[in-house]
**Q** 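Here's a structure for you.
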Amino acid sequence: MHSSEHESASVVVVNHNAGLLLTACILAALEQAKQVIVVDNASSDSSLANLNTRVPAEARLHIIRLSKNVGFATGCNLGYQEATSPYILFLNPDCILSTGSLQRMVQVLESDPHIGMVGGYLINPDGSEQGGGRRAIPSPWRAFVRAFGLYHLARYWPQLFFDFHLDKQPLPQSPIEVEAISGALMLVRREAIDDVGSWDENYFLHCEDLDWCMRFKQKNWKILFVPNALVTHFQGTCSRARPFFVAWHKHKGMLRFYRKFFQDRYPRALMALVTLAIWLRFGIIVLRYSLQNCYKLLKSKHE
């Protein structure tokens, strides 16, 4: 591996209370990248203190401390403004790059000037593949199919009842083009960002990655999934503490995504149904969390 390949990527990590995982994430990234930028969204935990202890003075590490939580998309854009490399890896703080995975992604990006972004093979800590690493765009119809479990009918009518999470399909042997990858791990070409525009800051949390994938596709940039670039994702680390907050922004993000890209392509009645389904889903999740909390309270009182 020659050095220019090693030094062609900046890593942007938006942190919000990721705890000890932030340090593990940054140490792995520093081994493979030219520059690492941490944008801290007003964390209240010891994640930054731990990082400073483990990585005291490192010229390649830049930390931007924000006094309030500005959300994921805005954090990514702030980090991007500091990045100096031709390729930028947007990486979640609960993701650990395996050795050589960044280089493999860079090689794929460099193999074709029309590739705008690439994603790696996201795995759970137990080694199984994670849902969002390779996927199709969840159009309103696909989302409806997913929400009501109709994807089980895919074996009879694969075109109609297609499941947009592609992790159910066998792992490809080589990099393949996909409609979307996960915002937890996106290596993006600077020229493509200049062409497409930065992250949409009207999303606070969730769906901003799908939005970007849609916009890359609209401008004819290819998106590739790289199966041999392994990254372990300890999913939900930052969201466990505030489930209501996360659920609210997730559903708000879905609504924005559908209105922005599908409003004109679907009949009004269907869009109204989609809106209703999104808020119904939110209601069910809130109810579930509330019942779980009540149960925990009652249980602790009886112990």
Side-chain angles (χ1 to χ4, degrees), residues 14 70-77 80 88 90 92 114-119 122 130-148 150-151 154 158-167 169 176-189 191-225 246-282 285:
V14 176
V70 295
F72 179 72
T74 306
C76 284
N77 287 340
Y80 172 63
I88 296 91
F90 294 95
N92 270 19
H114 297 107
I115 299 173
M117 66 163 84
V118 300
L122 282 177
Q130 218 166 65
R134 47 178 174 141
R135 51 191 172 163
I137 292 288
S139 63
W141 170 250
R142 287 172 181 171
F144 178 81
V145 165
R146 177 93 195 167
F148 292 97
L150 301 176
Y151 55 89
Q159 294 313 111
L160 194 57
F161 297 109
F162 164 75
D163 187 358
F164 57 83
H165 281 303
L166 305 178
D167 55 287
Q169 299 180 9
I176 55 157
E177 201 174 333
V178 291
E179 287 182 17
I181 54 177
S182 166
L185 175 75
M186 276 182 168
L187 180 68
V188 190
R189 186 188 294 274
E191 288 160 64
I193 301 178
D194 292 342
D195 180 38
V196 172
S198 54
W199 295 79
D200 180 344
E201 297 185 2
N202 290 305
Y203 294 92
F204 188 82
L205 195 67
H206 288 288
C207 294
E208 62 286 283
D209 50 355
L210 286 172
D211 179 289
W212 225 20
C213 290
M214 281 291 278
R215 284 156 55 207
F216 268 66
K217 286 282 177 203
Q218 286 172 345
K219 292 268 190 168
N220 296 318
W221 287 98
K222 291 180 188 172
I223 299 170
L224 265 75
F225 166 75
V246 170
W248 166 253
H249 283 292
K250 188 173 187 173
H251 290 79
K252 225 175 119 184
M254 281 184 207
L255 209 57
R256 172 168 179 76
F257 175 73
Y258 287 132
R259 286 197 175 140
K260 185 171 168 180
F261 295 103
F262 297 99
Q263 191 90 45
D264 306 332
R265 303 203 324 214
Y266 281 79
R268 256 199 168 136
L270 186 67
M271 288 310 288
L273 268 177
V274 167
T275 305
L276 186 68
I278 287 172
W279 290 122
L280 195 66
R281 187 173 180 268
F282 175 67
I285 286 171

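All values reported here derive from a predicted model rather than from experimental measurement. FYI, the numbering just counts along the sequence from 1.
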**Q** Restricting to non-hydrogen atoms, name the atom on Ser198 and the atom on Asn77 that form the minimum distance, rounded to 0.1 Å.
**A** CB-OD1, 3.1 Å
**Q** Verify the ring-centre separation between Trp199 and Phe72: is it less than 6.0 angstrom?
**A**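 Yes, they do, as the ring centres are separated by less than 6.0 Å.
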**Q** Taking all non-hydrogen atoms of both residues, which atom of Ser139 and which atom of Tyr266 are closest, and how far apart?
**A**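 Shortest heavy-atom contact: CB-OH, 3.7 Å.
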**Q** Answer yes or no: is there an ion pair linking Arg256 with Glu208, defined by an N-O contact shorter than 4.0 Å?
**A**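 No, no charged N to carboxylate O under 4.0 Å.
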**Q** Report yes if the side chains of Ile137 and Phe262 come closer than 4.5 Å at any heavy-atom pair, otherwise no.
**A** yes
**Q** To the nearest 0.5 Å, what is the distance between CD1 (Ile88) and SG (Cys76)?
**A**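 Atom-to-atom, Ile88:CD1 and Cys76:SG are 11.5 Å apart.
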**Q** Roughly how far apart are Leu166 CG and Ile181 CD1, rounded to 0.5 Å?
**A** 12.5 Å
**Q** With sequence neighbours excluded, tell me which residues meet salt bridge (charged side-chain N to carboxylate O under 4.0 Å, His left out) with Lys222.
**A**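 Applying salt bridge (charged side-chain N to carboxylate O under 4.0 Å, His left out) to Lys222 gives Asp112.
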**Q** State, with a plain yes or no, whether a side-chain heavy atom of Val246 is found less than 4.5 Å away from one of His206.
**A**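 A side-chain contact exists here, since the closest heavy-atom pair is under 4.5 Å.
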**Q** Nearest 0.5 angstrom please: Trp212 CH2 to Cys207 SG, how far?
**A**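 It comes to 15.5 Å.
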**Q** Can you run down the salt bridge (Lys or Arg N to Asp or Glu O under 4.0 Å) pairs that involve residues 259-276, sequence neighbours left out, and say none if there aren't any?
**A**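 Passing the test, one end in residues 259-276: Asp200-Lys260, Asp211-Lys260.
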**Q** Is there side-chain contact between Arg215 and Phe261, with heavy atoms separated by less than 4.5 Å?
**A**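 Yes, side chains in contact.
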**Q** For the atom pair CZ (Phe282) and NE2 (His251), what is the distance rounded to the nearest 0.5 Å?
**A** 7.0 Å
**Q** Of all the heavy-atom pairs spanning Gly183 and Asn92, show the shortest one and how long it is.
**A**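 Nearest pair, atom of Gly183 first, then Asn92: O-OD1, 3.9 Å.
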**Q** So which atom in Leu122 and which in Ala184 form the shortest heavy-atom distance, rounded to 0.1 Å?
**A** CD1-CB, 4.3 Å
**Q** Rounded to the nearest 0.5 Å, how far apart are CD1 of Ile176 and CG of Leu224?
**A**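 Rounded to the nearest 0.5 Å, the CD1-CG separation comes out at 8.0 Å.
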**Q** Please determine whether side-chain contact (heavy atoms from CB on, under 4.5 Å) holds for the pair Leu205 and Trp248, giving the CA-CA distance in whole Å, both sets of side-chain angles, and the decisive distance to 0.1 Å.
**A** CA-CA 9 Å; Leu205 195 67; Trp248 166 253; over 6 Å; no
**Q** Are side-chain heavy atoms of Tyr203 and Leu210 found at a separation under 4.5 Å?
**A** no
**Q** Does any part of the side chain of Ile223, heavy atoms only, come nearer than 4.5 Å to the side chain of Lys217, both counted from C-beta?
**A**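 Of all side-chain heavy-atom pairs linking Ile223 with Lys217, at least one is under 4.5 Å.
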**Q** Taking atom CD of Glu179 and atom CZ of Arg142, what is their separation to the nearest 0.5 Å?
**A**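 That separation rounds to 4.5 Å.
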**Q** Any heavy-atom pair between the side chains of Tyr258 and Ile278 that's under 4.5 Å?
**A**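 The answer is yes; the side chains approach within 4.5 Å.
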**Q** Mind checking whether Leu255 and Trp279 have side chains closer than 4.5 Å, heavy atoms only?
**A** yes
**Q** Does any part of the side chain of Met117, heavy atoms only, come nearer than 4.5 Å to the side chain of Phe90, both counted from C-beta?
**A**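 SC-SC contact between Phe90 and Met117 ruled out.
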